[in-house]
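To keep things clear, I will list the structure first and then write my remarks on it.
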Amino acid sequence: MLSIVLAASIFSGDISVDSSGVVRETSPFFISEANGSSAKVVALKTHSKAALQAACRRALTLPLREQVRADLMARTSQVLPKPLSFIDANITDYQQEKTHDGLNCEGKVSSSDASYNIAGLALTGAWWAAEDGDIELLRAMLKVALQHRRTQADAVALIASQTDLASALAYLDEHLHPEKLTLNQSKIAVGKIWLAAEKFDEVVNLMGACDEPVCLQLLENAEDKLQQIEASQADDLSSYF
């Protein structure tokens, strides 16, 4: 059986490594373990077959995720919170076997861009640090995220979200390529800045690519403002009479 899976996600779980090199991740839903090219998942709650398969594939990436964490921490001399990890990888030669309480699986995990995994984790860490108020960690993570083309735009959005409106607008105007934003939280941050600056057309264009409730609310607010402007212009007859 051959399966190729692209995994590009952020995972939140308590990850540990024992003395034999087995990597374990514990979440409210699964206990996952991986060693080399093998992994097993124990379901703590009832799940569908598809959910178990997805969990086992995620488990296979545990060793590489831990390596990415170690590489980033060594590069920045920072300690990352344990729940943070990121991976963009291919899984080939995937096989699985059902167990009484979960799933065993095997597969070869590889990444075509190790630098993106490090930058992606740095971006994840930067947003975490911003929300937690850890300025030292935020600065260290942003330095890495800004250096990769696939994370730079999201890092720019995060930087802009941390300053006043005038400074944020100037920074976005100079550095942001909005079409390169990948995270919804980045789009939301930029959308809020643009809405406050009355850049309603820009908000509408950006929020159209985000389906989170906050995005939809920003979109609705911007469209309402545009309709009010259009109505006001239509009521102004001074130029015609």
Side-chain angles (χ1 to χ4, degrees), residues 6-13 15 27-28 54 58 61 65 68-69 72 76 78 80-89 113 115-223:
L6 178 65
S9 300
I10 299 164
F11 305 96
S12 295
I15 300 176
S27 76
R58 288 196 300 271
T61 69
R65 281 194 269 154
V68 172
R69 280 176 53 86
L72 179 59
T76 60
Q78 296 288 323
L80 290 173
K82 284 188 175 182
L84 296 185
S85 65
F86 178 91
I87 195 67
D88 182 5
D113 188 352
S115 64
Y116 174 52
N117 279 322
I118 293 174
L121 179 56
L123 181 63
T124 306
W127 277 104
W128 177 289
E131 294 172 0
D132 197 49
D134 189 335
I135 301 302
E136 182 180 354
L137 180 62
L138 174 61
R139 288 174 175 169
M141 296 298 104
L142 282 173
K143 285 181 180 179
V144 177
L146 283 168
Q147 293 173 7
H148 199 284
R149 60 180 179 81
R150 294 174 68 179
T151 53
Q152 186 179 63
D154 292 284
V156 166
L158 174 52
I159 292 171
S161 73
Q162 300 302 300
T163 188
D164 62 89
L165 181 59
S167 299
L169 282 173
Y171 190 76
L172 292 177
D173 287 344
E174 183 175 358
H175 298 289
L176 181 66
H177 298 281
E179 72 280 0
K180 294 184 179 180
L181 291 171
T182 60
L183 300 180
N184 282 342
Q185 63 198 113
S186 301
K187 296 172 184 177
I188 291 168
V190 173
K192 288 180 177 179
I193 293 168
W194 281 347
L195 187 66
E198 300 184 352
K199 301 181 73 169
F200 305 126
D201 286 319
E202 288 86 344
V203 176
V204 170
N205 291 334
L206 183 61
M207 292 301 105
C210 176
D211 58 2
E212 288 195 10
V214 177
C215 296
L216 298 177
Q217 185 61 57
L218 287 169
L219 176 62
E220 183 179 330
N221 290 345
E223 289 177 336

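Reckoned from all heavy atoms, side chains included, excluding hydrogens, waters and symmetry mates.
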Contacts table for residues 196-212: side-chain donor-acceptor under 3.5 angstrom, sequence neighbours left out:
| residue | atom | partner | partner atom | Å |
| --- | --- | --- | --- | --- |
| K199 | NZ | D173 | OD1 | 3.4 |
| N205 | ND2 | D201 | O | 3.3 |
| E212 | OE2 | N184 | ND2 | 3.4 |

L123 and L142: CA distance, side-chain angles, deciding distance, side-chain contact (heavy atoms from CB on, under 4.5 Å) verdict: CA-CA 7 Å; L123 181 63; L142 282 173; 5.6 Å; no
Starting at CG of L72, measure out to OG1 of T124 and round the result to the nearest 0.5 Å. 9.5 Å
Any side-chain heavy-atom pair of W194 and L169 under 4.5 Å: yes
Are any side-chain N or O atoms of R65 and backbone N or O atoms of R58, one a donor and one an acceptor, separated by less than 3.5 Å? yes
Sub-3.5 Å donor-acceptor pair from the side chain of D113 to the main-chain atoms of S115, do we have one? yes
Interatomic distance, CG@L121 vs CG@D88, rounded to 0.5 Å, equals 12.5 Å
Reported CG-to-CD1 distance for the pair L172 and I193, which is rounded to 0.5 angstrom: 5.0 Å
Compare every heavy atom of L84 with every heavy atom of G125, then report the nearest pair and how far apart it is. CA-CD1, 3.8 Å
Step through the shown structure and confirm whether more than 12 heavy atoms of other residues, nucleotides or ligands are within 6.0 Å of CD on E136. no
Nearest-0.5 Å distance that lies between atom CD in Q217 and atom NZ in K192: 11.0 Å
Just by distance, do the side chain of S167 and the backbone of T163 share a donor-acceptor pair under 3.5 Å? no
Please find the pair of heavy atoms, one from Q78 and one from A140, that lie closest to each other, and give the distance. CG-CB, 3.6 Å
Kindly assign one of parallel, tilted or perpendicular to the pair H148 and Y116, based on the angle between their ring planes and the thresholds 30° and 60°. tilted
What side-chain donor-acceptor pairs closer than 3.5 Å can you find for residues 153-162, not counting sequence neighbours?
| residue | atom | partner | partner atom | Å |
| --- | --- | --- | --- | --- |
| D154 | OD1 | T182 | N | 3.2 |
| D154 | OD1 | L183 | N | 3.0 |
| D154 | OD1 | S186 | OG | 2.7 |
| D154 | OD2 | T182 | N | 3.2 |
| D154 | OD2 | T182 | OG1 | 2.7 |
| S161 | OG | L158 | O | 2.6 |

Does V68 offer a backbone N or O that forms a donor-acceptor pair with the side chain of N117 under 3.5 Å? no
dist L137:CG -> R139:CZ (nearest 0.5 Å) comes out at 12.0 Å
